[in-house]
Amino acid sequence: MVSRTAQSVLAIDLGAGSGRAVIGRLTQGGGPDDLRLSMEEIHRFPNDPVRVGKHLHWDILRLLHEIKQAILKAVQLEGDRLGSIAIDSWAVDFGLIGTDGQLLGNPYHYRDHHTDGVMEEVCARLGRERIFAASGLQFLQFNTIYQLAALQAQQPGLMDRADKLLMIPDLLRYFLTGEMHSEYTNASTTQLLNPVTRTWDAGLLSDLGLSPSLLLPPQASGIRAGTLSPEVCAELGVPPIPVVTVGEHDTASAVVAVPAEGKDFAYLSCGTWSLLGTELPAPVLTEQALTWNFTNEGGVQGTTRLLKNIMGLWLVQESRRAWEKAGSRLSFPQLVQAAESAAPFVSFIDPDDDAFLNPGHMPEAIQAYCARTGQPVPASEGEIIRCVLESLALKYRFVLERTERLTGKRFDGLHMVGGGIQNSLLCRFTANALQRPVWAGPVEGSAIGNIVVQYMALGVWNTLHEARQVIRSSFPVRTYSPENVDGWAEAYERFRGIIGE
Ligand SMILES: C[C@H](O)[C@H](O)[C@@H](O)C(=O)CO
């Protein structure tokens, strides 16, 4: 029998652009309680959505194939040391399962336009106050609730045949184990789950005409949710490794990995999306939280993630994709370099303007925003990326200050985790805009949070506090201190004027 700390775990972390498989291991440091966490990426793969006619879908079977390749590699590397497997991914999207246990079609991508106008219709019917009181969630058109309402209206036959709804990690885990379970943190992103009772809101479901039997009871993270099925074991030639639930909403796992010391801290999970907020023992369901469109997503160990979605590096990713189509070959680091040498504080955008959710051509959408707000229109790649990064940093300040007003707390600085922290210009701009220190690290936030909760399920740690101590001593954190304070303070006033706040 391999001891708990000698076991390794396999974390599958699926982002909107790519997926990675990471082995987590524990090593004994100097003292008896001095554990060190290490991780090794063993498989990385693209997560390319597929357009079918007018609609955008996830290639879910391709993701399953890649996960199986990762399991093969992990077993080859770790043998019987491999104690468990767990999956985390982006939120809100799901697959529908028929009464025969089969998937009823490829999941929609949350940026697909089938939800255009649906949120407004549902809110007019049920009322934002009612929905917020029952769910505590921010209003975003791609929330699961509006995707289901869209399917009810556009594909009633499909909804009639749907027996169970499984969020992306639940669905992939079902394919691996044959067991259906619904994990809590991701369930909390549907806008159908009550953050106080932590169960599906029966009143909301009935008002929406959704059968409660469509949804499985939400289960906590850190529990065993099956083992690899006999079919998968036979196909891959591997043993029936346990599959456990973790913070399956990748942002929930990223928050686990924030190396904070105290209980009061502010975080920014930075990737395709930027999620900025704090960790609380209970949701904030005030009228102000509703007015400012904050969200109370479920966290690991019964915590609440009070946060706000900010459009994030999607603005840079989509700009680069547009320029690449036009033949430009600038890499992300080259784009950041060009932004660094562009003139400062020329024009700003509200990163969360609807125009940026899924425009055909992001640079043109940014230029159009600047033109319609009467600002100089950025022309070069460097000018456009600088406008984006400065605007993101200023929006981070705006959301951090509102988080403080909603909670009555004051944060000394901001923890930044996730792939986006490799953009050191963004980290610097953020410290400058906040006029407070930024502590950047770890990069692989979601994967580390996934690994940590697997070890908690193995009994290595009981509390997030204990686990975060080991994260702090295992992964580097870079501190960015504020510079050029005056320029940014004036920029912030202009920015607020432009976003109308
Ligand atoms: C829709 C986004 O995926 C979601 O709001 C965000 O929290 C996320 O999951 C980022 O990966």
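Start at 1 and go down the list; that is how both ligands and their atoms are numbered. Computed from a predicted structure; not experimentally measured. Along the sequence shown, residues carry numbers from 1. Reckoned from all heavy atoms, side chains included, excluding hydrogens, waters and symmetry mates.
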- Message: Is the ring pair Trp273/Tyr110 parallel, tilted or perpendicular, if the boundaries are 30 and 60 degrees?
- Response: tilted
- In terms of ring plane angle, is the pair His57 and Tyr108 parallel, tilted or perpendicular, where the classes change at 30° and 60°? tilted
- Message: Give the atom numbers and elements of ligand 1 that come within less than 4.0 Å of a heavy atom of Asn309.
- Response: 4 (C), 5 (O)
- Considering distance alone, does some N or O of Trp90 sit under 3.5 Å from an N or O of ligand 1? no
- Query: Once you round to the nearest 0.5 Å, how far does OG1 of Thr251 lie from CG of Asp88?
  - Reply: 9.0 Å
- Query: Among protein heavy atoms, which sits nearest to atom 1 (C) of ligand 1, and what does the distance come to when rounded to 0.1 Å?
  - Reply: Phe142 CE1, 3.5 Å
- Message: Checking a contact table here: which protein heavy atom is nearest atom 10 (C) of ligand 1, and how many Å away?
- Response: Asp250 OD1, 3.7 Å
- State the atoms of ligand 1, each with its element, that fall below the 4.0 Å cut-off from a heavy-atom position in Trp273. 2 (C)
- Task: May I ask you to list the atoms of ligand 1 that are less than 4.0 angstrom from any heavy atom of His249?
- Result: 6 (C), 7 (O), 8 (C), 9 (O)
- Result of checking Ile131, Thr144, Leu148 against Gln191 for side-chain contact (heavy atoms from CB on, under 4.5 Å): Ile131
- N/O of Glu297 under 3.5 Å from N/O of ligand 1, yes or no? no
- Could you tell me which non-hydrogen atom of Thr245 sits nearest to which non-hydrogen atom of Ala220, and how far apart they are? OG1-O, 2.9 Å
- Message: Ring-plane angle category for His109 and Trp58, please: parallel below 30°, perpendicular beyond 60°, tilted otherwise.
- Response: parallel
- Contacting atoms of ligand 1, where contact means under 4.0 angstrom from a heavy atom of Leu275: 7 (O)
